Amino acid sequence: MHGTVELAGDDQLREAHEKAWSMPLEDFDPGDPELFRTDTHWPYFDRLRKEAPIHYCKDSMFGPYWSVTKYNDIMAVDTNHGAFSSAAALGGITIRDVPPDLRRESFIAMDQPRHSAQRKTVAPMFTPANLDELAVNIRQRSASCLDNLPVNEAFDFVDTVSIELTTQMLAVLFDFPWEDRRKLTRWSDVATTLPGVGGLVETEDERQAVLMECATYFARLWKERQSGPPRNDLLSMMAHNEATRDMDPKNFLGNLILLIVGGNDTTRNTMSGSLYALHKYPDQYRKLRENPALLDTFVPEVIRWQTPLAHMRRTALADIEIGGKQIKKGDKVVMWYVSGNRDEEVIDRPYDFIIDRARPRTHISFGFGIHRCIGMRLAELQLKIIWEEIFKRFDRIDVVGEPKRVNSSFIKGYETLPVRIAA
């Protein structure tokens, strides 16, 4: 059997495996969102890591692109800021090219030196002292959410727990009107979705209309924060800092979307993924219940196993060679974090979920280099606290059906996850 993905009992994955190992490599398009919606991307990346770790796809719904699939190659690209650009003007950070007139800068889609100046404005939110303060708030909100869960009936963990808690967290970080907090969820979902019939939005125009609604709402809050004294929320931090207080409307909306998606999508999908992982590996669930001190290694292992953002994209600033392949200036280069996190040359038994790994932080989910996720400690904190609070209340939460996955090769997440808590 080629590769290392577990195939037992999964016809769909077995079929994908046969296809992935028989198809000519030049026909590979690992960025096809359908592979992620069906959770059948694994064998394609297994083969790419083995036979074509730097791979060129000449034709896809996103145009031509290079795939970087091995851990160390991804690290090399992610930390080489001189050769690989994140700039919105060149296409930004996702495999999907945004039309030039709709490109919006944010500090993640920006190169040095402006990147660091803008990033620093929100960094105080994530200091250890501030995280200690936030932890109290997170614990109270987690307890309240869990105390209100139905018992002995199926419910959707994604909406009831993961989305609700991460949206509340986001509302706290922005000091956003509490009763309107689900607007943040919608704006985050619309920002990252692929428009299409039956989707969240059907057209790009519809998406832009929703994002302008987000910009208009935040512009009002921005004016309030700017005219008041500096406060300890993300919006006030940006409104009172010279690097960000005079952002043009596109940069303003770009940074808002970055903070909303970064604070919402990734954490909520890891939260849902943590329960799904324990469902798939009941021995690990048992081990964690018997020894909750393992939460410290469980949390980074979940973040690796789930990999909430499947990729980040760069644009080559000059001709450069990686892994014997010649990449041309202007080429789109996609770093597949989801594949790097299953690289058996770096991570032992990468397909297994092992909550007491010796080096659980050996993963690439947060990126590396200057664009490493600024909120990663907060994400880990939220995950640890929710499980501490779950164990205080419930012996277990059972997954009672397969999840419905997001139709995206960027956000790797769950639309629904049906669960039940036994009385």
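Worth saying up front: this structure is predicted, and the values here are computed from it rather than measured.
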Does the pair Arg359/Asp348 count as a salt bridge with the N-to-O cut at 4.0 Å?
-> no

Check the angle between the aromatic planes of Trp187 and Phe218 and answer parallel, tilted or perpendicular using the 30° and 60° thresholds.
-> tilted

Go through Arg357 and Asp352 one step at a time and tell me if the salt bridge (Lys or Arg N to Asp or Glu O under 4.0 Å) criterion holds.
-> CA-CA 10 Å; Arg357 278 188 185 276; Asp352 289 342; over 6 Å; no

Are more than 12 heavy atoms from other residues, nucleotides or ligands located less than 6.0 Å from atom CD of Glu15?
-> no

Between Phe45 and Trp336, how do the two ring planes meet: parallel, tilted or perpendicular, split at 30° and 60°?
-> tilted

Selection residues 190-210 - residue pairs positive for ring-ring contact (aromatic ring centres under 6.0 Å, His included), sequence neighbours left out = none

Would you check, one step at a time, whether the test side chain to side chain contact (heavy atoms under 4.5 Å, CB included) holds for Phe298 with Lys384?
-> CA-CA 8 Å; Phe298 162 80; Lys384 184 177 181 189; over 6 Å; no

Can you find a side-chain donor-acceptor pair between Tyr276 and Asn269 that sits under 3.5 Å?
-> no

Would a distance-only check, ignoring hydrogens and angles, find a side-chain to backbone donor-acceptor pair under 3.5 Å from Ser22 to Lys19?
-> yes

Those residues at least two apart in sequence (or on a different chain) that pass salt bridge (Lys or Arg N to Asp or Glu O under 4.0 Å) with Arg361 are Glu380

Salt bridge Glu301-Lys287, side-chain N to carboxylate O under 4.0 Å | no

Measure the OG1-CZ distance between Thr69 and Arg47 for me, rounded to the nearest 0.5 Å.
-> 12.5 Å

If only atom types and distance count, is the side chain of Lys70 paired as donor or acceptor with the main-chain N or O of Pro53 below 3.5 Å?
-> no

Determine, step by step, whether Glu206 and Val190 satisfy the side chain to side chain contact (heavy atoms under 4.5 Å, CB included) criterion, reporting the C-alpha distance in whole Å, the side-chain angles of both residues, the deciding distance to 0.1 Å, and the verdict.
-> CA-CA 9 Å; Glu206 202 184 327; Val190 169; over 6 Å; no

Report the C-alpha separation of Tyr285 and His279 in whole Å, then their side-chain angles, then the decisive distance to 0.1 Å, and conclude whether the ring-ring contact (aromatic ring centres under 6.0 Å, His included) test is met.
-> CA-CA 7 Å; Tyr285 205 167; His279 162 69; 9.3 Å; no

Mind checking ring-ring contact (aromatic ring centres under 6.0 Å, His included) for Tyr337 and listing every partner two or more places apart, or none if nothing turns up?
-> none

Does the distance from a Lys or Arg side-chain N to an Asp or Glu carboxylate O, for Asp46 and Arg342, drop under 4.0 Å?
-> no

Side chains of Ser339 and Arg49, donor plus acceptor under 3.5 Å | yes

Polar side-chain atom of Arg405 near backbone of Arg37 as donor-acceptor pair, under 3.5 Å | no

Partners meeting ring-ring contact (aromatic ring centres under 6.0 Å, His included) with Phe157 (sequence neighbours left out) = none

Are Arg14 and Asp11 ion-paired here, with the side-chain N under 4.0 Å from a carboxylate O?
-> yes

In Å, rounded to the nearest 0.5 Å, how long is the span from CD1 of Ile163 to CG of Asp189?
-> 6.0 Å

Pairwise distance CG(Leu184) to CG(Leu259) - rounded to 0.5 angstrom | 11.0 Å

Not counting sequence neighbours, which residues clear ring-ring contact (aromatic ring centres under 6.0 Å, His included) with Phe155? List them please.
-> none

Answer yes or no: is there an ion pair linking Arg139 with Glu388, defined by an N-O contact shorter than 4.0 Å?
-> yes

Can you check whether Cys214 reaches Ile260 side chain to side chain, under 4.5 Å on heavy atoms?
-> yes

For Lys404, does the NZ atom sit with more than 12 other heavy atoms under 6.0 Å from it, leaving out its own atoms?
-> no

Please determine, by modelled atom types, if Asp180 and Tyr217 share a side-chain donor-acceptor pair under 3.5 angstrom.
-> yes

All ring-ring contact (aromatic ring centres under 6.0 Å, His included) counterparts of Tyr56, not counting sequence neighbours | Trp66

Of the options Val299, Thr270, Thr166, which is the one that meets Gln382 in a side-chain contact (heavy atoms from CB on, under 4.5 Å)?
-> Thr166

Counting heavy atoms not belonging to Glu321, are there more than 12 under 6.0 Å from its CD?
-> yes

Residues Glu164, Arg268; criterion salt bridge (Lys or Arg N to Asp or Glu O under 4.0 Å); working and verdict | CA-CA 9 Å; Glu164 186 52 37; Arg268 89 182 190 209; over 6 Å; no

